[in-house]
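The basis for the numbers below is simple: all heavy atoms, side chains too, and nothing from hydrogens, waters or symmetry mates. Whatever order the structure lists ligands and atoms in, that order sets their numbers, starting from 1. If you're wondering where the values come from, they're calculated on a predicted model, not measured in any experiment.
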Amino acid sequence: MAKRKSSFVCQSCAATSTQWAGRCESCGEWNTIVEENINSGVGAGPKSARAAGVPTQLVPLSGESEDAARIITGIAELDRVTGGGFVQGSAILVGGDPGIGKSTLLLQAAANLAQRGNRVIYVSGEEAIAQVRLRARRLGIDEADVSLASETNVETILATLEQTERPDFVVVDSIQTLWTDRVESAPGTVTQVRTSAQAMTRFAKKTGAAVVLVGHVTKDGQIAGPRVVEHMVDAVLYFEGDASHTFRILRGVKNRYGPTDEIGVFEMTQLGLKEVSNPSALFLDQRDKGAAGSAVFAGMEGTRPVLIEIQTLVAPSPLGTPRRAVVGWDSARLSMVLAVLETRCGVRIGANDIYLNVAGGLKISEPAADLAVAAALISSLSGAPLPADAVYFGEISLSGGIRPVVHTPLRLREAAKLGFASAFTGQGSKDGVLAGLELLEFSSLAELAGRIAASRPKSA
Ligand code: TYD
Ligand code: MG
């Protein structure tokens, strides 16, 4: 028998070392190193059928190819994120915080796919059969022809899948509960998760089934332990949202067969996840229209325009180093906007505490949000509410100029659709002129700042 080898594996980044340490040298995480037996793991399994040294066939790049076959769930928000349905023979990782609704979403997807005539198998390693049935009954989808199993051993799962007719869609909930006989590490360790995911991915490729692996995410946003799994699968989708809001966002992070910048928006209700086909209306629902410090940003999420409220509060600071608290936006970007306001527009704002919140828990990464943020900040500082029927978008440059951004017509159309009357943006957006929507173009932030400050209520 081969000598047992053990190694110390970081559970966060999967780096291996020969001795234990409190901190991983590779990723810098503390207390993530665990001793694992690695007489096993990737590449240590049974020899592949093809013997070493036998050449493979080379083919020309220009050969025949078919579009990937897809299975469509009919849940439009989900199909949008996958790029038009789950690709047959692909492995998909769906990550998210515990309790965010991953199991609910996938059970609903499974039921829909089954109703559309696909063979669907749902393997739960976390819940007993009775629990899954109960959930399905609550969701009103217990009549769907979905086969269930409650199992965590990879070999057992594969044997079960292979003995039945080839499935079209398999859900494994969750990857962290899986364990395989092939490695000796404890369940939940990186080696276990990686080897299990590899086996499931291989099953997808071999049979042409779409296999979804559910993965829990740690609080800092990493898929716990199995970050390595991300490289192995064809698509990674994150299910996000926070516990205090009912809506959830499914976001593509990696997709070999589709776009990665699309989002799907859902609302968690008593009857499961409901699609939100008009997210702007939802994000603006609770808006306090007369308040200073709030601006509506006409943003883009993938190919879809989304209107989002940006709230700011500028308050005199008792501290030597004023506070900056940012939720849903990049704090470095906020510092830049503040610096431009201060130096280029003569707006004295830097000594204040500044709070910025993207309403609804959405995260914005577009530079086009600069202008909305700047407008909200000036409004809060001067106490002048912005017009409630205006949207803002544009990128601010360090010189204080406002640059036009892409997809202006789409943003304007969305704003007009939701009853907005004017749009504040950079110069050169002429292509987006729309009936019923006034386009206000500013070449510099100073010009916009002057206009907002001039609208300050007389009493203030
Ligand atoms: P779940 O899908 O179990 O989350 P995950 O698999 O990501 O851990 O969702 C759990 C939460 O969703 C739970 O707090 C209850 C809530 N929920 C509803 O609000 N409505 C429903 O119809 C269902 C099934 C769950
Ligand atoms: Mg779950």
Side-chain angles (χ1 to χ4, degrees), residues 73-75 77-78 81-82 86 91-115 120-144 146-152 157 169-179 187-188 193 196-197 200 211-227 229-230 233 235-253 263-276 282 360-361 363:
T73 62
I75 303 175
E77 295 294 304
L78 175 59
V81 179
T82 52
F86 293 108
I92 302 106
L93 179 67
V94 176
D97 291 321
I100 203 75
K102 301 180 293 296
S103 305
T104 310
L105 176 71
L106 289 165
L107 195 59
Q108 286 180 259
N112 267 36
L113 284 167
Q115 269 152 6
V120 177
I121 299 181
Y122 188 100
V123 182
S124 180
E126 297 194 338
E127 287 163 293
I129 299 284
Q131 278 175 293
V132 181
R133 282 192 179 143
L134 200 67
R135 184 195 299 253
R137 191 162 317 144
R138 261 216 331 268
L139 298 171
I141 52 175
D142 51 334
E143 297 296 316
V146 175
S147 308
L148 292 182
S150 180
E151 181 55 54
T152 55
I157 293 172
F169 186 65
V170 178
V171 178
V172 179
D173 187 3
S174 69
I175 185 75
Q176 273 101 346
T177 57
L178 291 191
W179 61 281
V193 166
S196 303
M200 296 311 302
V211 174
V212 172
L213 306 171
V214 175
H216 292 298
V217 166
T218 55
K219 55 182 179 316
D220 57 356
Q222 295 193 340
I223 293 196
R227 283 218 74 194
V229 174
E230 291 191 10
V233 294
V236 179
L237 314 178
Y238 274 97
F239 206 34
E240 316 172 332
D242 63 62
S244 54
H245 291 101
T246 56
F247 62 85
R248 305 277 181 267
I249 291 160
L250 186 68
R251 192 183 289 279
V253 179
I263 61 166
V265 184
F266 298 88
E267 189 176 5
M268 181 62 96
T269 68
Q270 286 303 308
L271 296 170
L273 290 156
K274 264 199 4 224
E275 294 178 62
V276 176
L282 181 74
K363 286 191 194 74

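Ranking the protein heavy atoms by distance from atom 6 (O) of ligand 1 puts S103 OG, 2.6 Å first.
Around the Mg ion (ligand 2), the protein atoms of type N, O or S found under 2.8 Å away are S103 OG, listed by chain and number.
Near R138, the atoms of ligand 1 lying under 4.0 angstrom from a non-hydrogen atom of the residue are 21 (C), 23 (C), 24 (C), 25 (C). Applying the 4.0 Å criterion to heavy atoms of P98 picks out, from ligand 1, the atoms 8 (O). Listed by number with element, the atoms of ligand 1 under 4.0 Å from a non-hydrogen atom of D97 are 7 (O). For ligand 1, the atoms lying closer than 4.0 Å to a non-hydrogen atom of L139 are 22 (O), 24 (C).
Look at D173 and you'll find every heavy atom at least 4.0 Å from all atoms of ligand 1. Taking a 4.0 Å cut-off on heavy atoms, G99 registers as neighbouring ligand 1.
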Compile the donor-acceptor pairs under 3.5 Å between side chains in residues 264-276 and protein atoms, sequence neighbours left out, one pair per line.
residue : atom : partner : partner atom : Å
T269    : OG1  : L271    : N            : 3.1
T269    : OG1  : G272    : O            : 2.7
E275    : OE1  : A76     : N            : 3.0
E275    : OE1  : E77     : N            : 3.3

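The closest non-hydrogen atom to atom 21 (C) of ligand 1, taken over T269, T246, T104, L271, comes from T269. When the options S124, G101, G95 are ranked by their closest heavy atom to atom 4 (O) of ligand 1, first place goes to G101. Within the set Q270, M268, R248, E267, the minimum heavy-atom distance to atom 17 (N) of ligand 1 is found for M268.
Closer than 4.0 Å to atom 23 (C) of ligand 1 lies at least one heavy atom of the protein.
Using modelled atom types, one finds a donor on one side chain and an acceptor on the other under 3.5 Å when comparing S174 with E126.
Distance alone, capped at 3.5 Å, places no donor-acceptor pair between the D173 side chain and the V214 backbone.
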